[in-house]
Student: 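Sharing a structure with you now.
Please read these numbers as outputs of a predicted model, since none were measured by experiment. Numbering starts at 1 and runs along the sequence shown.
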Amino acid sequence: MLLHEFRPGRMIAGLTALALAGLYAGDATGAWTTPWYVVFPVLFGGLGTAGLVTWIVYRIRRRSARSRSSDSTDAPASTSGSQAIR
């Protein structure tokens with residue numbers, strides 16, 4: 001049972017935030033030195049990739065939903081007029 005649908009764009013954005021937190025946590029503990037300007041390419045690259053993946057997944061889901069939909073291709077449910085609006 002799925003609790004919610006899988007969103008890969010959000011996962012990439014979260015992994016980007018975790019990568020930045022890991023970089024600066026290592027810098028804070030003295031394990032390595034991270035320059036302050038490293039945040040910009042990592043953040044913008046990760047968020048750009050997340051946006052691109054979100055757009056691609058949206059297009060795939062939209063295309064598959066459109067192919068599964070048959071509402072616009074069949075005849076109406078009733079053409080006899082028996083379901084008049086009251």
Student: Could you grab the distance from atom CE of Met11 to atom OG1 of Thr54, nearest 0.5 Å is fine?
Tutor: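 The distance works out to 10.5 Å.
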Student: Among Ile, Leu, Val, Met, Phe, Trp and Tyr joined by side-chain contacts under 4.5 Å, find the other residues sharing a cluster with Tyr24 and list them by chain and number.
Tutor: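 Noted: Tyr24 shares its cluster with Leu20, Leu23, Trp32, Trp36, Tyr37, Val38, Val39, Phe40, Val42, Leu43, Phe44, Leu47.
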Student: My understanding is that only residues two or more places apart in sequence, or in another chain, count here; which of them pass side-chain contact (heavy atoms from CB on, under 4.5 Å) with Thr49?
Tutor: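 If we apply the side-chain contact (heavy atoms from CB on, under 4.5 Å) test to Thr49, skipping adjacent residues, the hits are Ile12, Val53.
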Student: So which heavy atom on Ser64 is nearest to which on Ser67, and how close?
Tutor: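 In terms of heavy atoms, the two residues are closest at O-OG, 2.9 Å.
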Student: Would you mind listing every salt bridge (Lys or Arg N to Asp or Glu O under 4.0 Å) that reaches into residues 28-57, with sequence neighbours excluded?
Tutor: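 Qualifying pairs, neighbours excluded: none.
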Student: Among residues at least two apart in sequence or on other chains, which ones pass side-chain hydrogen bond (donor to acceptor under 3.5 Å, both in side chains) with Arg61?
Tutor: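 Once residues adjacent in sequence are excluded, the partners of Arg61 under the side-chain hydrogen bond (donor to acceptor under 3.5 Å, both in side chains) criterion are Glu5.
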Student: Locate the shortest heavy-atom distance separating Ala13 from Ala50; write the atom from each residue and the value.
Tutor: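 So the minimum-distance heavy-atom pair works out to N-CB, 3.9 Å.
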